[in-house]
Amino acid sequence: MSASSSPPSRPVVTRFAPSPTGFLHIGGARTALFNWLYARHYGGKFLLRIEDTDKARSTKEAIDAILDGMRWLGLDWDGHEYYQSQFWARHAELAHRMLDRGQAYRCYMTHDELAEQREAAQRERRPFRIDSPWRDVTEEQGAKPFVIRLKAPRDGETVIDDQVQGRVTVQNAEIDDFILLRSDGSPTYMLAVVVDDHDMGVTHVIRGDDHLNNAFRQLAIIRAMGWPEPTYAHVPLIHGPDGAKLSKRHGALGVDAYRDELGMLPEAVDNYLLRLGWGHGDDEIISRDQAIEWFDLPQVGKSPSRFDFKKLENLNGHYIRDADDQRLADLVAQRRSLSPEQIALLVRAMPELKSRANTITQLAENADFLFATRPIHVDHAASALLTPDARLLLAATRQNLASLTNWDAASLEAGIREVAEASGVKLGKLAQPLRAALTGQTTSPGIFDVLALLGRDESLDRIADQMEPKE
RNA sequence: GGCCCCAUCGUCUAGCGGUCUAGGACGCUGCCCUUUCACGGCAGAAACACGGGUUCGAGUCCCGUUGGGGUCACCA
């Protein structure tokens with residue numbers, strides 16, 4: 001488990017570099033979190049760069065969703081966000097510099113020629129690696145279109161001391177002469193990241209495992225430029241419950257969906273993501289401050305982990321129980337458009353409500369009985385409770401409660417126990433129909449609290465609504 | 001397929017040669033609490049993929065097998 005690693009010897013600068021072609025999904029969020037945590041732990045900087053090189057696929061909505069998602073998760077970046085597309089000229093300039101130095105070359109191969117090589121390799125069952133006849137040609141070939149390719153080293157090997165994966169070695173023969181500048185003059189991702197990371201002073205590149213192979217290509221550019229090499233840390237990917245790469249059906253949803261649809265609290269998502277692939281002894285509930293204090297790369301696991309909604313939900317339930325009542329009420333209010341009076345009621349009910357919910361969505365549903373208008377809808381299971389006998393009991397209960405001078409939980413409990421005793425039934429026999437009448441459901445907060453919350457008039461009326469058998 | 005990486009309960013993980021008859025958490029089962037449902041408390045079932053080494057001693061180190069993942073674009 002011990003990747004060869006050492007504390008940083010220079011001021012830390014990390015970055016998160018999403019491409020705005022979709023929303024900020026959960027894997028990206030974890031990458032961002034690790035980068036953020038690492039920078040904060042070492043008192044460094046955490047930068048944000050939007051990789052909008054692919055103009056066709058980049059959208060304003062996606063950019064906003066990413067920024068919004070990061071803010072929600074509390075991952076603040078230092079300074080303004082960078083946009084990769086702003087540095088095109090710089091990228092092209094450097095590609096040409098490498099060309100001038102003989103570290104890159106103009107390749108005039110056509111798609112057909114390339115395809116031919118690929119097929120030949122396939123026929124002979126040997127690995128395909130581009131072999132351009134232009135590798136050592138320095139003269140320009142008139143106006144024919146060309147791309148600029150890196151003249152990658154062909155001998156020796158490249159070693160990366162990855163902070164997570166350990167020492168990884170690749171034969172240079174495996175690295176092909178990949179494209180730096182496209183025929184339309186635009187930079188490829190491979191060139192752009194390297195240049196931007198260098199220009200932004202990034203010291204630690206913490207990203208998904210899927211980039212490990214790219215790191216060797218990028219290193220080739222860095223060495224050609226003679227720039228300092230960043231420290232790499234390739235974090236294993238997050239998989240779906242079935243072990244396959246996390247896809248939409250698994251939960252590679254935008255973080256906005258975790259907030260809006262699943263009803264998660266940001267601290268729960270952060271905590272869950274932190275524990276996915278990283279651990280600190282037996283600790284499960286980890287505050288932001290503890291995370292900053294404890295987080296480091298050596299403890300990051302090397303194997304991919306599966307996303308477990310159940311555990312996230314449990315964690316979310318923990319944070320809900322921990323959360324401030326007013327905050328929770330506001331969150332529910334956003335989903336239900338409540339009046340100030342209703343929100344005030346919700347805040348009072350919150351202590352009872354929040355121990356019963358693992359998500360804000362559930363919390364909102366559980367609170368609905370408070371705001372239902374008479375006659376309230378009684379669900380199937382609840383109406384089954386309202387037998388003729390039960391309705392009679394309800395009438396007796398109502399009469400007793402109506403005579404109460406104090407409408408608080410303690411008085412109500414005394415009153416109801418009195419009725420139960422007088423009628424010779426157990427409390428449960430009475431409480432359940434009462435619950436059905438008051439909430440329309442078979443589960444709810446404690447029945448005395450429900451009565452107190454609803455108030456005398458509303459409670460009495462709801463009971464009255466159910467006293468007579470319905471036709 | 002080539003290259004790279006990974007491998008402890010169903011899942012997330014602790015474990016960094018002896019304290020491991022392998023610990024915690026989620027989930028699951030049972031019990032307690034109890035007006036329902038939760039919360040909470042207690043108890044339980046549940047794992048070192050396999051085979052070789054190294055060592056006095058291996059979950060921990062090495063090799064292989066198997067399994068899984070990643071990557072092989074004028075995408076990022």
Side-chain angles (χ1 to χ4, degrees), chain A residues 1-2 17-21 51-54 56-58 84 107 111 114 121-122 125-129 145-149 160 162 164-166 168-171 173-176 178-184 186 188-190 192-193 208-216 234 236-237 239 241 243-245 272 275-285 298-299 301-315 317-318 321 352-358 362 366 382 385 413 416-417 420 426-432 434-436 439 441-448 450:
Chain A
M1 228 48 24
S2 64
S19 57
T21 53
E51 311 241 306
D52 58 346
T53 306
D54 189 346
R57 292 199 299 155
S58 301
Q84 189 156 65
C107 177
H111 281 97
L114 217 46
Q122 213 154 48
R125 304 186 77 250
R126 61 177 162 81
F128 168 69
R129 200 126 301 134
F146 63 88
V147 298
I148 294 182
R149 287 185 186 277
I160 289 180
D162 194 279
V164 170
Q165 301 296 339
V168 185
T169 305
V170 161
Q171 296 305 311
E174 297 293 335
I175 302 169
D176 59 358
F178 58 91
I179 295 175
L180 262 15
L181 215 57
R182 302 189 185 98
S183 52
D184 67 354
S186 66
T188 58
Y189 161 80
M190 216 62 76
V193 247
D209 212 357
D210 49 342
H211 284 289
L212 182 57
N213 290 295
N214 288 337
F216 291 91
H234 289 92
L237 301 175
H239 287 168
K245 193 175 181 178
Y272 179 72
R275 283 287 290 103
L276 206 53
W278 178 88
H280 183 271
D282 285 342
D283 296 302
E284 296 286 346
I285 305 296
Q299 296 103 305
K302 302 169 81 167
S303 55
S305 39
R306 303 185 186 200
F307 199 88
D308 183 355
F309 278 100
K310 283 285 180 49
K311 187 149 184 174
L312 203 211
E313 231 182 76
N314 174 275
L315 214 43
H318 171 87
R321 267 162 255 130
E352 279 295 313
L353 253 21
K354 67 184 181 183
S355 74
R356 270 161 257 263
N358 281 334
Q362 288 168 9
N366 295 348
L385 253 25
E413 173 163 3
I416 286 173
R417 285 192 186 278
K426 284 202 194 167
L427 184 54
K429 205 71 179 159
L430 196 154
Q432 275 308 81
L434 196 51
R435 189 184 317 280
T439 70
Q441 297 175 315
T442 52
T443 71
S444 80
I447 201 66
F448 313 121
V450 169

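Residue numbers start from 1 in every chain, and the chains themselves are labelled A, B, ... in the order their sequence lines are given, proteins ahead of strands.
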A:Thr53 near the nucleic acid: base, sugar-phosphate alone, or nothing, with a heavy-atom cut-off under 4.0 Å? sugar-phosphate
Taking only N/O atoms, report every protein-nucleotides 40-51 of chain B pair under 3.5 Å with atom names and distance.
none

Rounded P spacing from B:U36 to B:C31 in Å: 15 Å
Using the C1' atom on both, measure B:G68 against B:C61 and round to a whole Å. 23 Å
Please work out if A:Ser303 contacts a base, only the sugar-phosphate, or nothing of the nucleic acid, heavy-atom cut-off 4.0 Å. sugar-phosphate
Side-chain touch A:Phe128/A:Gln122, heavy atoms, less than 4.5 angstrom: no
Between B:C9 and B:A47, how far is it from one P atom to the other, in whole Å? 9 Å
Base partner of B:G2, which must satisfy Watson-Crick or wobble distances under 3.5 Å: B:U71
So, the side chain of A:Glu313 versus the backbone of A:Asn358: is there a donor-acceptor pair under 3.5 Å, distance only? no
Do the side chain of A:Asn358 and the base of B:A38 come within less than 3.5 angstrom through a donor-acceptor pair of N or O atoms? no
Could you go over nucleotides 29-31 of chain B and give all protein N or O partners under 3.5 Å, atom names and distances?
none

Hey, does the side-chain of A:Thr188 have a donor or acceptor N/O within less than 3.5 Å of a partner on the base of B:C74? no
Mapping A:Leu114 and A:Thr169 onto RNA chain B by nearest heavy atom, which one lands closer to the 5' end? A:Thr169
Heavy atoms, side chains only, cut-off 4.5 Å: are A:Leu180 and A:Arg149 in contact? no
Of the options B:A38, B:C4, B:G2, whose atoms approach the side-chain atoms of A:Val168 most closely? B:C4
For the side chain of A:Arg417 and the backbone of A:Ala420, is there at least one donor-acceptor N/O pair under 3.5 Å apart? no
Between A:His211 and A:Phe216, is the gap from one ring center to the other below 6.0 Å? no
Could you let me know what B:U60 is paired to, Watson-Crick or G-U wobble, both distances under 3.5 Å, or none if it's on its own? none
Are any protein N/O atoms closer than 3.5 Å to N/O atoms in nucleotides 35-37 of chain B? If there are, list each pair with its distance.
unit_1 : atom_1 : unit_2   : atom_2 : d
B:U35  : OP1    : A:Arg417 : NH2    : 3.4
B:U35  : O2     : A:Arg435 : NH2    : 2.4
B:U35  : N3     : A:Ile447 : N      : 3.3
B:U36  : O4'    : A:Gln432 : OE1    : 3.1
B:U36  : O2'    : A:Thr442 : O      : 3.0
B:U36  : N1     : A:Arg435 : NH2    : 3.2
B:U36  : O2     : A:Arg435 : NH1    : 3.4
B:U36  : O2     : A:Ser444 : N      : 2.9
B:U36  : O2     : A:Ser444 : O      : 3.1
B:U36  : N3     : A:Arg435 : NH1    : 3.2
B:U36  : N3     : A:Ser444 : O      : 2.7
B:U36  : O4     : A:Gly446 : N      : 3.2
B:C37  : O2     : A:Arg356 : NH1    : 2.7
B:C37  : N3     : A:Arg356 : NH1    : 2.3

Please check this pair: side chain of A:Arg435 against backbone of A:Leu430, looking for a donor-acceptor N/O pair closer than 3.5 Å. no
Protein-nucleotide distance (A:Arg129, atom CZ; B:C3, atom P), rounded to Å: 9 Å
Distances under 3.5 Å only, N/O to N/O: pair up the protein atoms with those of nucleotides 66-69 of chain B.
unit_1 : atom_1 : unit_2   : atom_2 : d
B:G69  : O2'    : A:His239 : NE2    : 3.4

Euclidean distance, atom CG of residue A:Asn214 to atom C1' of B:G70 [Å, nearest integer]: 11 Å
When we call it a touch if two heavy atoms are under 4.0 Å apart, what does A:Gly317 touch: a base, just sugar-phosphate, or nothing? nothing
A:Arg57 CZ - B:A73 P separation (whole Å): 15 Å
The Watson-Crick or G-U wobble partner of B:A22, with both key distances under 3.5 Å, is none
If you look at every strand shown and take non-hydrogen atoms under 4.0 Å, does A:His111 touch a base, only sugar-phosphate, or nothing? base
Quick check: does any side chain N or O of A:Asp52 sit under 3.5 Å from a backbone N or O of A:Gln84, one acting as donor and the other as acceptor? yes
Check: A:Thr53 and A:Ser58 side chains under 4.5 Å, non-hydrogen atoms: no
On a whole-Å scale, what distance lies between the C1' atoms belonging to B:C26 and B:A46? 13 Å
d(CG, A:Asn213; C1', B:G2) in whole Å: 11 Å
With rounding to whole Å, what would you report as the distance between B:G10 and B:G52 at their P atoms? 24 Å
Does B:U13 have its OP1 or OP2 closer than 4.0 Å to a side-chain nitrogen or oxygen of A:Ser305? yes
Quick one: salt bridge (Lys or Arg N to Asp or Glu O under 4.0 Å) partners of A:Asp308, sequence neighbours excluded? none
From the list B:C3, B:C5, B:A76, which nucleotide is the closest neighbour of the side chain of A:Val170? B:C3
How close or far is atom C1' of B:C74 from atom CG of A:Leu180, stated in whole angstroms? 12 Å
Side chain proximity check, A:Lys354 to A:Asn366, heavy atoms < 4.5 angstrom: no
Work out how far the C1' atom of B:C42 is from that of B:C4, and round it to whole angstrom. 48 Å
Check the interface with nucleotides 24-26 of chain B: list each N/O to N/O pair with the protein under 3.5 Å, or write none.
unit_1 : atom_1 : unit_2   : atom_2 : d
B:G24  : N2     : A:Arg275 : NH2    : 3.3
B:G24  : N2     : A:Glu284 : OE2    : 2.8
B:A25  : O4'    : A:Glu284 : OE2    : 3.3
B:A25  : N3     : A:Lys311 : NZ     : 2.9
B:C26  : O3'    : A:Asn314 : ND2    : 3.3
B:C26  : O2'    : A:Lys311 : N      : 3.3

Expressed in whole Å, how much space separates the P atoms belonging to B:G15 and B:U55? 28 Å
So what does A:His211 hit on the nucleic acid, given a heavy-atom distance under 4.0 Å: a base, only sugar-phosphate, or nothing? base
Distance between P atoms of B:U19 and B:U60 (Å, rounded): 13 Å
Is there a side-chain contact between A:Arg356 and A:Gln362, using heavy atoms and a 4.5 Å cut-off? no
To the nearest angstrom, the CD-P distance between A:Gln441 and B:A38 comes to 14 Å
A:Gln362 CD to B:C39 P: how many Å, rounded? 10 Å
Distance, rounded to the nearest Å, where A:Trp278 contributes CH2 and B:A14 contributes P: 10 Å
Base paired to B:C28 (Watson-Crick or G-U; both N/O distances under 3.5 angstrom): B:G44
Side chains of A:Asn214 and A:Val193 in contact at under 4.5 Å (non-hydrogen atoms): no
Counting N and O atoms only, with roles assigned by atom type, does the side chain of A:Asp162 sit under 3.5 Å from a partner on the main chain of A:His234, one being a donor and the other an acceptor? yes
Strictly distance-based, threshold 3.5 Å: is any side-chain N or O of A:Thr188 a donor or acceptor partner for the main-chain N or O of A:Leu181? no
Is A:Thr439 reaching over with its side chain to a backbone N or O of A:Gln441, donor-acceptor style, under 3.5 angstrom? yes
Under the 3.5 angstrom rule, does the side chain of A:Arg125 hit a backbone N or O of A:Ala121 as a donor-acceptor pair? no
What is the nucleic acid contact for A:Ile179, judged by heavy atoms within less than 4.0 Å: base, sugar-phosphate only, or nothing? base
